[in-house]
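First the structure, in the form of structure tokens, and then the observations on it.
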Amino acid sequence: VADEYDALFKKMMDCNPSTAAFAISAVKDGKLELNRAYGKANREKNIDVTNNTRFSIGSISKEFTGYMAGKQVLEGHYDWQEKITDIFAKKNVKMSMQGAFRNKTCTLEDAMTHRTGIKMHDWLLTDDRDISRSDWVTKFIPLFQEELEMRSSFYYNNWFYTLVGYIVELFGGKSFEKQVKESIFDPLEMKQSCFVSDDEFDALSEKDFAQPYQEGEDRSTLYPVPKEAMKFIGIHNPAGGIISTAGDMAKFMIGVIDALNGEDGAVLSKDVMESITEPKTLMGMQLGDSTLIEKPTFNATFKDSGYAYGHIIGTYRGYKYVNHGGSTYGHYSLITVIPSLKIGVFTVISGNNYKNTNMWRMQKPMQIYMLDKLMKQDVWLDAENACTFPKPWIGENTDTFEGAKRKVEEEIVDKPLSVEEAEYVTGNYSNPVYPTMKLKLEDSQLKFEMGNSNGTIIRTPGENENRLKIILNMPVDPLNLPEKEKMVAYLIYPTAPLTANKVENLEFEMGQERYQFTRNGSDTHHLSVFLVIGAFIIKLLSNNC
């Protein structure tokens, strides 16, 4: 039966040369319909991927965290509408958040449905300091400033799932990881699932764990990411730390579907699953916005409508689905179940992540195809048109699949800073949260250092005079990554004559976000962020996927 899918899946691998490995599982009516794997677990060592190869599922882990929180809500430990500060107070733990209104009113529901308005700061995953989950939640989150007004819109934030995981620990009396194992992994016989912080993960060989890869700008070169990069997720397991196989995720899908349908012998709780899969935050459009209500561009597609507790809720061909995506360091995943039809599909890949386009370049087309097969619909994506998707349905101006290439922009030659300018910003800069940022002049070159990351500060022609580029070296960098492929951040100093002795405040910029550091460890009311890692992780981890 599986052979009928090979033509499409192999074609997709061929026209996506930056996909090292692809695994897919599908379920229907409580049974495994498909479980296949394609490509290489390790290209350099020519190791094939198999059905037993494990991948990171990234933010799909939030579905597990949602279940654990829902279980404790139904047990009466706390309520979805209860204030975060009051929940912690029950266990004599002091907790606060930026902003008087947020601190007084932010509920568990706000935290779990991404409407706190707090900045994401995903790059904090690479912080190598010895910080416990409890300290991270109670000492770091209170310092995070807002990006948007609370409850003004959907604004994804991984860290509040770390917070929820800590709440689960406080009221469960055991580690979050142990409770997930006892309540989900073991009952569903997910014997190939674990967390990145487990000894089991450390022991996985090159045959057992798919080598993560970062895709190069040419969309065909792959750079291997060290397996150790996954370890940084450890204390944030509730947000994205589960390791699994397509086969184990099929068992999870069956568990979710059985529970939502109230099947006899369902392992997971129907009451819990129903409570955590009702959307609470609008996604994709604001209330009153009718611009997105129009004829679909494609024959059929996903339409996300709302976020529940660790789940995205939407419709496909008019049927409600429960869905989530995930991304970490070179692994990208997607899970979709349609409870009323008792079907589900899970996909995961390594590589194929340039500019976070992997979902529409490979995973969503494959899920669309598989869902249509399970629903016995006419299949409109096939081996003939899969590699041109989204052509011919939308424009000719896409470079999504065909050739899997990208025009590399003409290189701009960066220049080193003058010694005079370098000396103007040299020194140590501090903030309440992060390791000291050190800027020092070495061999007439301004160098950057912060915690376990470092870099070189240069000037890019055409940039504002007070805006400098940092080319970064990070512990999560792929092996043999050329300088032109490395992540960058920007250093901004106040516009002022260089006759001033030393600059006192520096800002880092990534996208539309800026954060301030202050010289010599002085306190600041601005949360500082080293956007270095932010650039890398927001690229890989975004998104609500």
Determine whether D110 and R151 satisfy the following criterion, salt bridge (charged side-chain N to carboxylate O under 4.0 Å, His left out), listing intermediate values before the conclusion. CA-CA 7 Å; D110 292 323; R151 298 175 186 154; 2.7 Å; yes

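- When only modelled atom types and interatomic distance are considered, S25 and N35 share no side-chain donor-acceptor pair under 3.5 Å.
- A side-chain donor-acceptor contact under 3.5 Å links D79 to the backbone of Q81.
- Between the side chains of H236 and T162, at least one donor N or O sits under 3.5 Å from an acceptor N or O.
- Y166 and D135 share no donor-acceptor pair across their side chains, judged by distance under 3.5 Å alone.
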As a quick check of understanding, evaluate salt bridge (charged side-chain N to carboxylate O under 4.0 Å, His left out) for K181 and D186, giving each step before the final call. CA-CA 6 Å; K181 186 176 186 299; D186 289 349; 3.2 Å; yes

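- In summary, the side chains of T65 and K62 do not present any donor paired with an acceptor at a separation below 3.5 Å, with no hydrogens or angles considered.
- Of the possible donor and acceptor atoms, one in the side chain of K90 sits under 3.5 Å from a partner among the backbone N and O of H77.
- Side-chain atoms of D208 come within 3.5 Å of backbone N or O of S205 as a donor-acceptor pair.
- Side chains of N103 and Q98: a donor-acceptor N/O pair is absent below 3.5 angstrom, by distance only.
- Note on ring orientation: taking the six-membered ring where Trp is involved, the planes of F9 and Y38 are perpendicular (angle over 60°, cut-offs 30° and 60°).
- Side-chain atoms of K227 come within 3.5 Å of backbone N or O of F201 as a donor-acceptor pair.
- Put simply, the side chain of R54 gets close to the backbone of Q192: a donor and an acceptor are under 3.5 Å apart.
- No more than 12 heavy atoms of other residues, nucleotides or ligands sit less than 6.0 Å from atom NZ of K104.
- For the pair Q367/Y316, no side-chain contact is recorded, criterion being any heavy-atom separation below 4.5 Å from C-beta on.
- Remark: Y67 pairs with no residue by the ring pair (Phe, Tyr, Trp, His ring centres under 6.0 Å) rule, at least two apart or across chains.
- Side chain to side chain, Y332 and Q363 fail the donor-acceptor criterion of an N or O pair below 3.5 Å.
- Screening Y309, Y155, Y161 for a ring-ring contact (aromatic ring centres under 6.0 Å, His included) with H114, the sole residue that qualifies is Y161.
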Could you go through residues 256-268 and list every donor-acceptor pair under 3.5 Å that involves a side-chain atom there, pairing it with any protein atom two or more places apart or in another chain?
| from | atom 1 | to | atom 2 | distance (Å) |
| --- | --- | --- | --- | --- |
| N261 | ND2 | I257 | O | 2.9 |
| N261 | ND2 | P339 | O | 2.8 |
| E263 | OE2 | K342 | NZ | 2.6 |

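- If you run ring-ring contact (aromatic ring centres under 6.0 Å, His included) between H331 and each of F22, F209, Y213, only F209 comes through.
- S61 places a side-chain N or O within donor-acceptor distance of the main-chain N or O of I242, the cut-off being under 3.5 Å.
- No donor-acceptor pair under 3.5 Å is formed between the side chain of N16 and the backbone N or O of S18.
- Considering only heavy atoms from C-beta on, F88 comes within 4.5 Å of V137 through its side chain.
- Going from atom CE of M230 over to atom CZ of F55 covers 10.0 Å, rounded to the nearest 0.5 Å.
- A distance-only check finds a donor-acceptor pair linking the side chain of N157 to the backbone of I118 [under 3.5 Å].
- When only modelled atom types and interatomic distance are considered, S197 and N237 share a side-chain donor-acceptor pair under 3.5 Å.
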Would you sort out whether E149 and R115 count as a salt bridge (charged side-chain N to carboxylate O under 4.0 Å, His left out), showing the intermediate values? CA-CA 9 Å; E149 291 184 8; R115 59 191 192 206; over 6 Å; no

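- Although no hydrogens or angles enter the test, the distance criterion places a donor-acceptor pair under 3.5 Å between the side chain of R102 and the main chain of T116.
- With hydrogens and angles disregarded, a donor-acceptor distance shorter than 3.5 Å links the side chain of S275 to the backbone of V272.
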Evaluation steps, salt bridge (charged side-chain N to carboxylate O under 4.0 Å, His left out), between E169 and K174: CA-CA 6 Å; E169 289 185 337; K174 301 175 184 178; over 6 Å; no

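- Remark: the H311 side chain and the Y321 side chain contain no N/O donor-acceptor pair separated by less than 3.5 Å.
- In this pair, Y5 and Y369 present their aromatic rings perpendicular. The plane angle is above 60°, beyond the 30 to 60° band.
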